[in-house]
Amino acid sequence: MKKIHIYLFGLGNVGSTLIKQILESERFFKTSHGIELKIVGLANSRKVLTTIDGVTSNWEQQFAQQAVTREPNAFYDFASIYNEVRIAVDATASKELSQFYPELVEHGFHVVTANKIANTLSQDFYDDLRDLLREKELCFEYETNVGAGLPIVDTICNLHESGEQIFAVNGVFSGSLGYIFNRFSQEDVSFSTVVIDALKNGYTEPDPREDLSGNDVARKLLVLAREAGLKLEFTDITIENLVIPELQTASLNQFLERIQLLDEPLQKRKSQLQQDEVLRHLGQLDTLNKKLTVSLQVVKKDSPAGQLQGSDGFFEIYSESYASHPLVIKGAGAGREVTARGLLSDIIKIARTVPVMVLR
Ligand SMILES: NC(=O)c1ccc[n+]([C@@H]2O[C@H](COP(=O)([O-])OP(=O)(O)OC[C@H]3O[C@@H](n4cnc5c(N)ncnc54)[C@H](OP(=O)(O)O)[C@@H]3O)[C@@H](O)[C@H]2O)c1
């Protein structure tokens with residue numbers, strides 16, 4: 001039996017759902033793959049818990065009672081005692097934690113992440129992290145960085161690595177903004193009401209401005225652009241920001257209190273639509289011209305993007321083999337369940353490839 005120790009950072013929407021999914025599928029992983037997954041470390045921004053027995057379904061109570069104030073080395077010290085395969089899972093949106101990935105790798109951790117930030121820091125950081133992973137023979141998986149549980153990153157990576165030239169990737173990159181603009185275009189409802197609903201349902205980033213500013217989609221475009229072999233920086237992306245200037249630097253609480261200020265400009269754009277048109281938030285990656293664009297656009301209701309429902313993500317990939325008929329990937333593009341399942345799939349991918357450390 002391969003023993004895998006999971007150290008989970010982030011116990012919010014995605015992290016808590018991941019714990020539930022791992023515990024529910026424990027027996028399946030053992031019998032089908034010969035893999036024992038044990039969550040031996042939990043951390044939020046303030047506290048940390050380590051347990052060699054692995055957490056159980058009452059982990060919240062256990063965390064509340066036994067977690068201690070975070071020490072920088074808590075996980076490293078614990079992991080060094082037990083010589084098992086260790087996977088750090090990042091289910092936060094923390095920039096600070098992303099900057100610690102090289103240190104995690106130095107301490108022998110494979111890394112699985114839903115957090116896009118590490119892949120969208122400078123190109124130097126990106127390249128250095130990959131060099132280090134190669135040197136340490138450790139894995140880094142991040143399928144959920146784009147399209148939540150949809151297989152976009154792998155698809156682009158596989159096409160690129162097989163020598164296929166990718167020309168463009170267009171689509172609705174954000175399930176959250178997909179949900180927001182599908183509802184806003186169809187229903188007689190204010191923009192701010194839809195954004196608050198999306199936040200409550202766990203569709204948006206913890207701070208919805210990360211979505212509305214276009215930064216979240218821009219990060220996804222950059223992840224794919226780099227996957228397709230381009231060397232680019234975040235500042236190379238042209239981004240339309242839907243947050244009015246006076247709310248851009250407010251605290252999260254102040255922003256949520258005054259979110260109705262966004263209603264008027266968005267209502268104006270909606271009122272200019274023709275009967276057969278809807279608003280869609282689109283990402284466009286033009287690899288030939290190295291051009292990345294994030295913007296709110298008017299599309300025909302009967303176009304592929306115009307027909308999307310709910311929080312569906314939608315990606316059209318144009319490449320040498322898919323020049324006139326794009327490869328299309330479509331489906332739930334946000335949500336805690338699909339994102340946690342995507343993380344779990346990345347964990348299993350690593351668990352299946354690493355050699356057996358301990359035979360029992
Ligand atoms: N929700 C989705 O549909 C979805 C889809 C695709 C990708 N994602 C990605 O998944 C990640 C998590 O999203 P979420 O919706 O689960 O967020 P969330 O509910 O706000 O949870 C965030 C968690 O991260 C913890 N945290 C923050 N900084 C930390 C740090 N430095 N060290 C350890 N823990 C830290 C927070 O702890 P405190 O409570 O102590 O602050 C909280 O437990 C994000 O990167 C997001 O982009 C989410």
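Counting starts at 1 for both ligands and their atoms, following the listed order.
Side-chain contact check for E164 and S319: at least one donor-acceptor pair (N or O, by modelled atom type) lies under 3.5 Å.
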For ligand 1, find each of its N or O atoms that sits under 3.5 Å from a protein N or O atom, and tabulate the pairs with distances to one decimal place.
from, atom 1, to, atom 2, distance (Å)
ligand 1, 1 (N), G202, O, 3.1
ligand 1, 3 (O), G335, N, 2.7
ligand 1, 15 (O), N13, ND2, 3.2
ligand 1, 16 (O), N13, N, 3.3
ligand 1, 16 (O), V14, N, 2.8
ligand 1, 19 (O), N13, N, 2.9
ligand 1, 19 (O), N13, ND2, 3.2
ligand 1, 31 (N), S94, OG, 3.4
ligand 1, 31 (N), E96, OE1, 3.4
ligand 1, 32 (N), R70, NH1, 2.6
ligand 1, 34 (N), N44, O, 3.4
ligand 1, 34 (N), S45, N, 3.4
ligand 1, 37 (O), S45, N, 3.4
ligand 1, 40 (O), S45, N, 3.1
ligand 1, 40 (O), S45, OG, 2.5
ligand 1, 40 (O), R46, NE, 3.4
ligand 1, 40 (O), R46, NH2, 2.9
ligand 1, 41 (O), S45, OG, 3.3
ligand 1, 43 (O), L11, N, 2.9
ligand 1, 43 (O), G12, N, 3.4
ligand 1, 45 (O), T92, O, 2.6
ligand 1, 47 (O), K116, NZ, 3.2
ligand 1, 47 (O), E205, OE1, 2.9
ligand 1, 47 (O), E205, OE2, 2.7

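Within the structure, the side-chain hydrogen bond (donor to acceptor under 3.5 Å, both in side chains) test picks out the following pairs touching residues 143-157 (sequence neighbours left out): N119-N145, D154-K349. Applying the side-chain hydrogen bond (donor to acceptor under 3.5 Å, both in side chains) rule to pairs touching residues 60-72 yields nothing, sequence neighbours excluded.
With sequence neighbours left out, S122 forms a side-chain contact (heavy atoms from CB on, under 4.5 Å) with D124, F125, E233.
Put simply, the side chain of F9 does not reach to within 4.5 Å of the side chain of S94, judged on heavy atoms.
Salt-bridge annotation for D53 and K38: absent, with no side-chain N of the basic residue lying under 4.0 Å from a carboxylate O of the acidic one.
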